[in-house]
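Letters A, B, ... are given to chains in the order of the sequence lines, protein chains preceding strands, and every chain is numbered from 1. If you're wondering where the values come from, they're calculated on a predicted model, not measured in any experiment.
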Amino acid sequence: MLLEVTHLASHYGRIQALDDISLRVDEGELVALVGANGAGKTTLLRCLSGVQPLSGGRLFFDGVDITRMAPEKRVALGIAQVPEGRQVFGPLSVEDNLRLGAYLRRDRQIGDDLDRMYALFPVLFKKRELPAGTLSGGQQQMLAIARALMSRPRLLLLDEPSMGLAPLLVAEIFEVIAGLRGNGVTLFLVEQNAHAALALADRGYVLETGSVVMSDHGAALLADDRVKAAYLGL
Amino acid sequence: MAELLQYLFSGLTSGAIYALAGLGFAIIYNSSHVINFAQGEFIMIGGMATATLNAAGMPLPLAIMAAMAVTMLVGVMLAKFAIEPARDADVVTIIIITIGASIFLRGAAQVVWDKEFHALAAFSGEVPIKLGGATLMPQSLWVFGVSVVVIAALWWFFNRTLFGKAMLATSFNRLAAQLMGIGVKKVLLVSFALSALLGAVGGIVVTPITFTNYEAGIMLGLKGFSAAVLGGLGNGMGAVVGGLIVGIAEALASGYLSSAYKDAIAFIIILFVLFFMPNGLFGKKGVDRV
Ligand SMILES: Nc1ncnc2c1ncn2[C@@H]1O[C@H](COP(=O)(O)OP(=O)(O)OP(=O)(O)O)[C@@H](O)[C@H]1O
Ligand SMILES: [Mg+2]
């Protein structure tokens, strides 16, 4: 088990955003988390990265209790996040954004990984010296994914990577995600685009108003009548 | 003409100090959105420590190093014990904390030292240099030279080192910086240490010209603030240009009008900028929170 969440709760002031969440992600899996607007998906990912306090429950990463660990230590352990809304460093160059993704690394392969990212996303190579803020939405999403990969994560958290993108780009982003999974990165994918996410996922969880209401194999959830009605518009 | 040149020399000398102070404001503003009103006290501590250690017999280079170290320590402690614990308070509260800290540091300076003015010998003599009918004190050249070197070093730090870029990244997007593994607490401490160092350096090079006492930081801090506001808060180059403008403007005003106007210029600039161009000369549009 790479990630284990037990009975997690989190609040914004007095408002409870997450209640008694338990889930797990195994090494090499692609696990999807789907849910409507405001269900608490982003809050959960923020808890996992350590930028949102828990009010209950525990987190384990590869057997280590990370419940109270500082965000930078979690990155060092191998948890990276592609945050909602991309959050690239707009005034910094594309290349600086990528290098900051490798901020905690001290090894000599950072340059090789940079080349690998440029091979994966050739458009980033073309624009490497431009401020990240000048990229289009789709390009910024690619940058955000590449930047997170630069830390060589063992677990990559993706928060709605397809949000606000044109259909063609959505397909491209999902192709990239499928490719990552082929490379052995463990993925935890949050999506409102439930169909695409569940079709790709080994397993999935359905989040409703802060609680996990269903969990099953991706294909089983896709075929489930309640999921179809609520999230797939069928 | 010679008169104008004379005013320019004096304006550029004080302007360089305001620029360093303004940069101190900018660096802390960027890392925490806090306006640190204890910036002037860093200038005072740098000057006072150097002057008193030197007077007590410590060789000048050693006294300078010790003063820089002491001032940086004060800066780090201010961040660690006054700013960081209030991290989640709103910005106005934290600004009030810095005002309290500045009063505290002035009080501490009175206790550690005294209320007297302290002098420091010019670094390389007092023989004025004649230039185009005006005279330039050698210490002014120290002020320019040191300021240029410090500003260049800062530019290098923020544009060429990974940690400098990480500090910039934190100012642009704190959440994303945390997700990259950038320790934002360390960024805050380093920004206070750097700003304290900038203040100390300014205080050290200017003391042979102006003398210093426990209150010397009040005016210098306010002028540094007006430099930072004029340049656009958080904009490094803006703070430098702003500092030079404030320095030259007050030298011209006190030369051609009356020296009574000297200190008023900085306030007029602050008010003018706040009313008519809240983003300053080079600030980004739609400036946030405060
Ligand atoms: N900073 C905040 N302060 C107060 N409440 C918040 C804050 N952020 C989120 N919430 C609330 O917490 C709940 C969960 O929000 P969250 O952003 O985690 O949902 P989400 O599933 O990611 O939604 P979306 O699909 O719109 O991104 C919502 O009711 C939201 O209004
Ligand atoms: Mg969300």
Side-chain angles (χ1 to χ4, degrees), chain A residues 13 42 45-53 69-106 110 131-133 140 143-153 155-159, chain B residues 26-27 29-33 80 84-85 87-90 154-191 231-239 279-280 282-288:
Chain A
T42 297
L45 289 196
R46 291 168 56 103
C47 288
L48 297 181
S49 284
V51 293
Q52 161 76 19
M69 196 177 268
E72 59 268 23
K73 296 225 174 90
R74 300 186 199 206
V75 177
L77 278 185
I79 303 177
Q81 182 176 157
V82 180
E84 184 175 74
R86 342 201 202 289
Q87 316 284 346
V88 298
F89 303 115
L92 296 182
S93 72
V94 167
E95 183 145 327
D96 280 346
N97 270 268
L98 292 173
R99 287 195 180 278
L100 285 167
Y103 177 73
L104 289 176
R105 287 174 56 184
R106 291 291 172 267
I110 294 173
Q140 287 191 16
L143 175 59
I145 293 174
R147 182 180 67 172
L149 288 172
M150 285 299 290
S151 69
R152 288 206 170 172
L155 172 65
L156 182 63
L157 313 170
L158 293 140
D159 197 348
Chain B
I27 290 170
Y29 180 80
N30 276 341
S31 76
S32 58
H33 289 271
K80 183 116 196 108
E84 202 190 279
R87 177 67 245 179
D88 296 325
D90 62 307
L154 271 186
W155 185 91
W156 176 83
F157 174 71
F158 281 112
N159 290 284
R160 289 287 178 270
T161 71
L162 188 65
F163 188 71
K165 286 176 186 173
M167 287 183 73
L168 286 181
T170 306
S171 80
F172 299 139
N173 191 325
R174 190 180 150 84
L175 170 70
Q178 286 180 296
L179 294 177
M180 298 304 107
I182 296 168
V184 293
K185 281 185 184 169
K186 183 170 158 199
V187 166
L188 182 76
L189 294 186
V190 172
S191 74
L233 259 181
N235 183 308
M237 272 308 134
N279 298 318
F282 310 98
K284 34 193 182 280
K285 292 213 176 61
V287 167
D288 31 298

Within the structure provided, determine whether [X] and [Y] are in side-chain contact (heavy-atom separation under 4.5 Å).
| X | Y | value |
| --- | --- | --- |
| B/L154 | B/I27 | yes |
| A/V82 | A/L157 | no |
| B/V190 | B/F163 | yes |
| B/L179 | A/V75 | no |

Problem set entry | Pairing residues for B/L168 by the side-chain contact (heavy atoms from CB on, under 4.5 Å) criterion, not counting sequence neighbours | A/L92, B/F158, B/F172

Problem set entry | Option in B/G183, B/A177, B/A176 with maximal non-hydrogen atom pairs under 4.5 Å from chain A | B/A176

Are there any donor-acceptor pairs closer than 3.5 angstrom between chain B and chain A, and if so, which ones?
residue: B/K165; atom: NZ; partner: A/D96; partner atom: OD1; Å: 2.8
residue: B/N173; atom: ND2; partner: A/Q87; partner atom: OE1; Å: 2.8

Problem set entry | Shortest non-hydrogen contact from A/I110 toward A/A102 | CG2-CB, 4.0 Å

